[in-house]
Amino acid sequence: MAELHFFTGTMDSGKSTLALQTNHNHAARGRAGRIFSTHDRGGVATLSSRLGLTHEAIEVTSDFDFWTYVVKTLTQGGRIDYLICDEAQFYSRDQVDQLAKVVDELQIDVFAFGILTDFRTALFEGSQRLVELADRMNVLQVEALCWCGKRATHNARTEDGIMVVEGEVIVVGDVDDQAGPPAEVAYEVLCRQHHRRRLTAARAKAVSLAPEPLPFG
């Protein structure tokens with residue numbers, strides 16, 4: 001029986017790498033699949049991982065219909081055994097419903113990958129619907145770490161190096177690279193405590209380097 005799988009974790013936990021590995025494993029067994037992504041940091045119609053691996057993908061736009069695409073492909077003689085759906089947090093509620101219909105009505109496996117919450121700690125629409133509908137939900141075991149060494153559970157956005165908790169939900173960026181200059185918009189994974197305090201790695205470093213006040217007297 002086909003199933004709808006949802007793999008989730010924070011940024012930098014290996015979701016896209018696992019998506020590529022999942023596709024490789026199924027294709028190696030002779031199964032025919034399709035890869036989908038949206039707002040990937042590597043560009044349009046691309047599935048990329050931070051390890052440098054990339055694969056061509058079908059871009060999921062706001063008006064893309066999974067059900068229509070799959071049915072049209074099958075009626076034209078194509079073969080589809082499974083779908084790989086990366087950045088699924090950005091999918092709409094209707095699109096996730098379409099994926100569930102593909103599983104139930106056409107018996108095609110769907111493997112969706114995405115983060116649960118945005119930089120405001122609110123559930124993404126696509127992720128919320130996947131939690132509601134998925135046959136299997138898997139939290140990735142590769143733990144991303146906060147700068148303090150604790151398990152990272154929250155995704156933070158910075159603008160010019162300052163953490164923000166308001167703004168557009170979808171702004172494509174990458175996990176902050178501490179070795180280079182801060183990006184205008186960047187992302188960083190934090191533990192809950194430091195996300196709540198808005199204490200990013202850069203701010204923590206600045207605080208630690210600040211001179212101590214001179215004693216009076």
Side-chain angles (χ1 to χ4, degrees), residues 1-23 26 33-41 44-49 57-74 80-142 144 152-157 165-173 187 189 192 195:
M1 296 291 290
E3 292 185 322
L4 173 57
H5 300 255
F6 180 36
F7 297 86
T8 187
T10 61
M11 294 182 298
D12 212 22
S13 62
K15 296 179 302 304
S16 296
T17 301
L18 180 58
L20 291 166
Q21 182 67 51
T22 301
N23 177 68
H26 284 265
R34 297 291 190 278
I35 297 177
F36 300 88
S37 190
T38 185
H39 300 295
D40 190 278
R41 62 188 168 274
V44 176
T46 301
L47 193 168
S48 65
S49 80
I58 299 168
E59 184 73 13
V60 179
T61 58
S62 60
D63 59 350
F64 185 85
D65 190 307
F66 285 99
W67 174 259
T68 299
Y69 173 87
V70 173
V71 169
K72 182 178 181 180
T73 300
L74 296 177
I80 301 179
D81 298 315
Y82 65 93
L83 304 181
I84 301 291
C85 300
D86 198 29
E87 305 293 354
Q89 71 271 11
F90 296 136
Y91 298 178
S92 70
R93 181 182 181 90
D94 287 343
Q95 287 170 331
V96 175
D97 286 344
Q98 293 158 15
L99 290 173
K101 186 177 181 181
V102 166
V103 173
D104 295 339
E105 304 298 329
L106 302 177
Q107 290 301 298
I108 293 174
D109 288 310
V110 172
F111 302 92
F113 302 80
I115 59 180
L116 276 179
T117 59
D118 61 24
F119 68 100
R120 307 166 305 174
T121 70
L123 283 169
F124 282 101
E125 178 180 340
S127 297
Q128 178 177 342
R129 192 59 174 156
L130 280 163
V131 170
E132 295 167 348
L133 296 183
D135 296 298
R136 297 177 186 268
M137 179 174 167
N138 306 276
V139 178
L140 299 189
Q141 297 304 305
V142 177
T153 54
H154 290 64
N155 306 300
R157 177 189 293 174
V165 293
E166 295 180 353
E168 294 293 329
V169 173
I170 301 177
V171 177
V172 179
Y187 291 88
V189 289
R192 184 184 63 247
H195 187 281

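Heads up: numbering here begins at 1 and tracks the sequence. Here the structure is a predicted model, which is why all the values come from computation and not from measurement.
- Side-chain N or O atoms of Q107 include one that pairs as donor or acceptor with a backbone N or O of A2 at under 3.5 Å.
- For the pair I80 and Y69, the minimum side-chain heavy-atom distance is below 4.5 Å.
- When every heavy atom of Q95 is checked against every heavy atom of V60, the shortest pair comes out as NE2-CG1, 3.6 Å.
- Partners of H154 under the ring pair (Phe, Tyr, Trp, His ring centres under 6.0 Å) rule, at least two apart in sequence or in another chain, are H195.
- For the side-chain contact (heavy atoms from CB on, under 4.5 Å) with D86, the qualifying choice from S49, S37, S48 is S37, the only one to do so.
- Counting only heavy atoms from C-beta outward, the side chains of R120 and E166 never approach each other to under 4.5 Å.
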Test log, rule side chain to side chain contact (heavy atoms under 4.5 Å, CB included), inputs W67 and L106: CA-CA 10 Å; W67 174 259; L106 302 177; 3.6 Å; yes
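- Ring geometry for H26 versus Y82: interplanar angle of 30 to 60°, hence tilted.
- Here the straight-line distance linking atom CG of L83 with atom CG of L4 works out to 10.0 Å at 0.5 Å rounding.
- Side-chain N or O atoms of T8 include one that pairs as donor or acceptor with a backbone N or O of G114 at under 3.5 Å.
- Between the CZ atom of F111 and the CZ atom of F6 there is a distance of 14.5 Å, given to the nearest 0.5 Å.
- For the atom pair CD (E87) and OG (S16), the distance works out to 5.0 Å, reported to the nearest 0.5 Å.
- At a threshold of 4.5 Å between non-hydrogen side-chain atoms, the residues K101 and Q98 do not count as touching.
- Residues K15 and F113 come closest through the heavy atom pair O-CD2, 3.6 Å.
- Taking each heavy atom of S127 and Q89 in turn, the nearest pair found is OG-CB, 3.2 Å.
- Judged as a side chain to side chain donor-acceptor pair (under 3.5 Å), and not counting sequence neighbours, N155 has no contacts.
- Residues V110 and V70 form no side-chain contact, since every pair of their non-hydrogen atoms from C-beta on lies 4.5 Å or further apart.
- A distance of 8.5 Å separates CZ in R41 from CG in L47, rounded to the nearest 0.5 Å.
- The shortest distance between side-chain heavy atoms of R34 and T73 falls below 4.5 Å.
- Shown here for D109 and E3, the closest heavy-atom pair between the two residues is OD1-N, 2.9 Å.
- Distance check: I58 CD1 to I84 CD1 gives 12.0 Å after rounding to the nearest 0.5 Å.
- The side-chain contact (heavy atoms from CB on, under 4.5 Å) test with T10 is passed by exactly one of V189, I115, L140: V189.
- We find the CG-CG distance between L99 and L133 to be 9.5 Å, quoted to the nearest 0.5 Å.
- The ring pair (Phe, Tyr, Trp, His ring centres under 6.0 Å) search around F66 returns F36, F64, Y91, not counting sequence neighbours.
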